[in-house]
Protein chains: 2
Amino acid sequence: MSTQARQPAEKKLTRKGQETRRRIVAAAAQLMYERGVTEATLEDVRAAAGVSGSQIYHYFADKQELLLAVIEFQTEAVLDMQKPLFAGLDTMEGLRQWRDALVEYQLRLQCRGGCPIGSLGSEVAETNPEARLAAASGFLRWESAIRGGLQRMYDRGELDADPDDLALATLAALQGGLLLTQLQRQVRPLEVALDSMLDHIEAHTRQA
Amino acid sequence: MSTQARQPAEKKLTRKGQETRRRIVAAAAQLMYERGVTEATLEDVRAAAGVSGSQIYHYFADKQELLLAVIEFQTEAVLDMQKPLFAGLDTMEGLRQWRDALVEYQLRLQCRGGCPIGSLGSEVAETNPEARLAAASGFLRWESAIRGGLQRMYDRGELDADPDDLALATLAALQGGLLLTQLQRQVRPLEVALDSMLDHIEAHTRQA
DNA sequence: ATAAAAATGGGTTGTCCAATCCAGAATCTG
DNA sequence: CAGATTCTGGATTGGACAACCCATTTTTAT
């Protein structure tokens, strides 16, 4: 019963019910992003979502199940936001645009918050295996999107290195850069980390 | 009174007192590393340190002050462990040895725990400005150690790129690699992230 | 040796929060 | 439109934990 049957519900919900559920997840995601999982109390979530009483327990068995829904939600949000840029990751120009957008976004946030998946993942990694796997799976999807672009470059014969390795290294550089940017409250770490990685990729390009 | 006078004590402690204090910090560091700051209760720390009752409050004003001591402690621990390798960071061979040692260490830990500074930093970044600064300062010291090696390469005319940028990017790659390694429970992310970065550095080397 | 200072142990308090219950209202389905 | 189901609101409970207090013992300095 442990690994099975998580989030068994999600069905049989009225339109209004689905809407309420979504509002709870969104509010929880925001609060957990701002304060961390343990600091975000269900009372806060309740108030922020504009629901009352035992509503949260009506839709989620416990805080854990809500947390898993939040990780899923944040993964979708992160990937959705970058979706328009993923298609371009098969040229250096597109990669630079992607980099610029990430840097720009952090600037708008004043370097606060870090990566929604990374922050959650780091917090739960050692105490919550289920949540750890959920975060890891989110990163796998992200990595896939990056790999897709590099793979197309490789297939066109424009890249002279393993796309798998480069994609993973790029995601790592992004995450590390984000963490340092978050802690220092300046974008330079993110800029430098991504630039180094993209320069490294560029060094392995050749015109087809 | 906010930014001033943190950890005003530390003096006027008997040898036995210093020993007890150190034991508390070490136990707290271990527990916070394993479970996170909020999940590590002072009761746990008390038991793990083998002290009793209000001992923790005898040495620390509150949990916050203990946390700051822990961040300091972990910074020292992380830097101490790498100290023998820092001297060699001015050659590619030394950099590779450093990489190998980090990977080796993660393997011994079965990819658990992540970076002691990074995990703490990520957890406190948005809720605890003082702790955020302490973690950021720890990373600055780490970055300095890496920069030192690259700067010597540069000064010898063997490096054809900004040592400051490379050092920061290397630390970012390391942190991102560690996070992904921790979440996936396999060393490959750390290996690939560091290898990409070291390859990038090597591409900018030339014999003097 | 003795007084002062530091260290220890146990017990207590107040708060916060996850989780549960129940009764009533809204919404869906046949 | 009527019965069933889903949704909602408020109130409560039980446990955990940070923080505090005080009496006693040990250590340090004179």
All salt bridge (Lys or Arg N to Asp or Glu O under 4.0 Å) counterparts of B:R112, not counting sequence neighbours:
none
Take the protein atom CD1 of A:I24 and the nucleotide atom C1' of D:dT8, then report the distance between them rounded to whole Å.
11 Å
Test side chain to side chain contact (heavy atoms under 4.5 Å, CB included) applied to B:Q106 - qualifying residues, sequence neighbours left out:
B:L109, B:L178, B:T181, B:V187, B:L190
Tabulated below should be each protein N or O lying under 3.5 Å from an N or O of nucleotides 20-22 of chain D; please produce it.
residue, atom, partner, partner atom, Å
D:dC21, N4, B:S54, OG, 2.8

Answer yes or no: does a side-chain N or O of B:Y59 lie under 4.0 Å from OP1 or OP2 of C:dA6?
no
Whole Å only: how far is the CD atom of A:E43 from the P atom of C:dA19?
14 Å
How close or far is atom C1' of C:dA18 from atom CZ of A:F60, stated in whole angstroms?
15 Å
From the set D:dA18, C:dA19, D:dT8, return the single nucleotide nearest to any side-chain atom of A:D62.
C:dA19
Please give, in whole Å, the distance from D:dT6 C1' to A:E19 CD?
16 Å
Among pairs that include at least one residue of residues 30-42 of chain B, which meet salt bridge (Lys or Arg N to Asp or Glu O under 4.0 Å), considering only residues two or more places apart or in two chains?
B:R35-B:D44
On the nucleotide D:dC7, are OP1 or OP2 found under 4.0 Å from the side-chain N or O atoms that A:T20 carries?
no
Specify whether B:H204 and B:H200 have parallel, tilted or perpendicular ring planes, treating 30° as the upper limit for parallel and 60° as the lower limit for perpendicular.
perpendicular
Out of D:dC7, C:dT8, D:dA19, which has the shortest distance to the side chain of A:Q55?
D:dC7
Interatomic distance, A:R21 CZ vs D:dT6 C1' [rounded to whole Å]:
15 Å
What residues form a salt bridge (Lys or Arg N to Asp or Glu O under 4.0 Å) with B:D199, not counting sequence neighbours?
B:R96
In whole angstrom, what separates A:R46's CZ from D:dT8's P?
13 Å
The nucleotide from C:dG9, D:dA18, C:dA6 with an atom nearest the side chain of B:H58 is C:dA6
Do B:Y59 side-chain atoms and B:Q18 backbone N/O form a donor-acceptor pair below 3.5 Å?
no
Euclidean distance, atom NZ of residue B:K63 to atom C1' of C:dC16 [Å, nearest integer]
14 Å
Can you list every pair that meets side-chain hydrogen bond (donor to acceptor under 3.5 Å, both in side chains) and has a residue in residues 163-174 of chain B, with sequence neighbours left out?
A:R188-B:D165
Integer-rounded Å distance: D:dG10 P and A:I56 CD1:
14 Å
